[in-house]
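Protein chains get the first letters and strands the later ones, always in sequence-line order, with residue 1 at the start of each. Just so it is clear, the structure is predicted and the values come from calculations on it, not from any experiment.
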2 protein chains.
Amino acid sequence: MVERKDPSALSAILKAASDPTRRQILTLLAQNGPLKVTDIARRFDQSLNAVSKHIKTLEGAGLVSRLTEWREHLIEVQMAPLSEIDTWFAELRSIWALRLDALDAALKEDNDDK
Amino acid sequence: MVERKDPSALSAILKAASDPTRRQILTLLAQNGPLKVTDIARRFDQSLNAVSKHIKTLEGAGLVSRLTEWREHLIEVQMAPLSEIDTWFAELRSIWALRLDALDAALKEDNDDK
DNA sequence: CTTTCGTTCAACCATATGGGTGAATAACAC
DNA sequence: GTGTTATTCACCCATATGGTTGAACGAAAG
């Protein structure tokens, strides 16, 4: 049996990644390394508050981590959780491939029966 | 220049995949091959209507296709769009790796300057 | 002591989302 | 014709979401 991880974790990751602003934040962090909330917000056409909330969402999904050095919060991208998407995808694809294999086998056997 | 695809397409794919029920539908279709809407709905603890709407969402994201043979609609999983997630992920990771490389290079140069 | 700084918290608003029920549709079986 | 089947459409509802503005906090600087 494959170790079934909490599906809500994957849901949170996918949902967090489904917002364009949040994906841009991840890209920005990947490019620049850790940044302060204010510095991130400066790049966007939204209020600081809106960006702060996006960061909280990303944090909740584990896609960024926060290093709080008193009032300055350093936000850093975390690539690890993203690989859960990969895992899910690979799993789905293998289920799919398995069925096709079984189908092939069945057809072949059917042919032998003729 | 990398061909920049419509980011809203990726958003739709991620959002569609972020719902547990919809992921289960995809898994079901990957296992069983094309199914009728009714047969899909039978597996879930939701109204036929709710499942129908989920399927429409998946269809909108291109994750399933529909073969309408009069009143019976055959729903089939489409793996292709999912690879856009892979692409995005790979791109983000490469941006990230690039920064680390540059960081390494800078440190090395700094050392040479000493 | 007052101001500034970086950030979150608390409301609030409009819209989206996931769910439900009931009707409409059009072919097919009786 | 009447009923059954498979599916969507049109509403309705509660809650989530993305955005706004304004207040609060607590250290540091003037």
Side-chain angles (χ1 to χ4, degrees), chain A residues 6-29 32-77, chain B residues 6-29 32-77:
Chain A
D6 183 8
S8 72
L10 180 55
S11 293
I13 294 169
L14 286 163
K15 202 145 135 193
S18 76
D19 183 274
T21 304
R22 288 195 285 263
R23 282 202 306 280
Q24 284 177 46
I25 293 176
L26 292 180
T27 304
L28 185 64
L29 290 172
N32 292 46
L35 288 175
K36 289 191 303 173
V37 176
T38 317
D39 290 336
I40 297 173
R42 205 190 319 278
R43 317 288 192 105
F44 293 91
D45 208 29
Q46 299 179 1
S47 72
L48 170 65
N49 245 333
V51 173
S52 171
K53 275 204 265 185
H54 278 309
I55 292 173
K56 258 206 321 183
T57 302
L58 289 170
E59 203 181 0
L63 292 177
V64 304
S65 63
R66 185 187 301 256
L67 194 61
T68 302
E69 189 132 354
W70 199 217
R71 57 181 175 177
E72 298 194 358
H73 299 201
L74 267 198
I75 310 296
E76 182 171 24
V77 67
Chain B
D6 183 8
S8 70
L10 180 55
S11 294
I13 294 169
L14 285 163
K15 203 145 132 193
S18 77
D19 183 274
T21 303
R22 289 195 285 262
R23 282 202 306 279
Q24 283 176 47
I25 292 176
L26 291 179
T27 304
L28 185 64
L29 289 172
N32 291 46
L35 288 176
K36 290 191 302 174
V37 177
T38 317
D39 289 337
I40 297 173
R42 205 191 316 280
R43 316 288 191 106
F44 293 91
D45 208 27
Q46 298 180 1
S47 72
L48 170 65
N49 245 332
V51 173
S52 170
K53 276 204 262 184
H54 278 309
I55 292 173
K56 258 206 320 182
T57 303
L58 290 169
E59 202 182 359
L63 292 176
V64 303
S65 63
R66 184 187 300 255
L67 195 61
T68 302
E69 189 132 355
W70 204 217
R71 56 183 175 176
E72 298 194 357
H73 299 202
L74 267 198
I75 311 297
E76 183 172 24
V77 68

Report the distance from atom [atom1] of [X] to atom [atom2] of [N], rounded to the nearest whole Å.
X       : N      : atom1 : atom2 : answer
A:His54 : D:dT20 : NE2   : C1'   : 12 Å
B:Arg42 : D:dT5  : CZ    : P     : 11 Å
A:Leu58 : D:dG18 : CG    : P     : 10 Å
B:Leu74 : D:dA6  : CG    : P     : 12 Å
B:Phe44 : C:dG20 : CZ    : P     : 13 Å

Every protein N/O lying under 3.5 Å from an N/O of nucleotides 21-24 of chain D:
| from | atom 1 | to | atom 2 | distance (Å) |
| --- | --- | --- | --- | --- |
| D:dT21 | O4 | A:Asn49 | ND2 | 2.5 |
| D:dG22 | O6 | A:Asn49 | ND2 | 2.4 |

[X]: which residues meet the side-chain hydrogen bond (donor to acceptor under 3.5 Å, both in side chains) condition with it, sequence neighbours left out?
X       : result
A:Ser11 : B:Arg23
B:Arg43 : none
A:Ser47 : none
A:Asp39 : A:Arg42

Does D:dT17 have its OP1 or OP2 closer than 4.0 Å to a side-chain nitrogen or oxygen of A:Lys15?
yes
Determine: side-chain N/O of A:Lys36 to OP1/OP2 of C:dC5, distance under 4.0 Å, yes or no.
no
Just jot down the side-chain contact (heavy atoms from CB on, under 4.5 Å) partners of [X], sequence neighbours excluded, or say none.
X       : result
A:Ala16 : A:Arg22, A:Thr57, A:Leu58, A:Ala61, A:Leu63
A:Thr27 : A:Gln31, B:Leu92, B:Ile95
B:Arg71 : none

Have a look at B:Ile75 and tell me which of B:Ile55, B:Leu67, B:Ile25 forms a side chain to side chain contact (heavy atoms under 4.5 Å, CB included) with it.
B:Ile55
For nucleotides 24-30 of chain C, just jot down a letter per nucleotide in 5' to 3' order: B, S or -, based on protein non-hydrogen atoms under 4.0 Å.
--SB---
Interface with DNA chain D, restricted to residues 20-27 of chain B and to heavy atoms under 4.0 Å:
none
Taking the side chain of B:Gln46 as heavy atoms from C-beta outward, which of D:dG19, D:dC9, C:dG20 is closest to it?
C:dG20
Pairs meeting criterion salt bridge (Lys or Arg N to Asp or Glu O under 4.0 Å) with involvement of residues 50-60 of chain B, two or more places apart:
B:Glu59-B:Arg66
Sugar-phosphate, base or nothing in reach of A:Lys53, heavy atoms under 4.0 Å
base
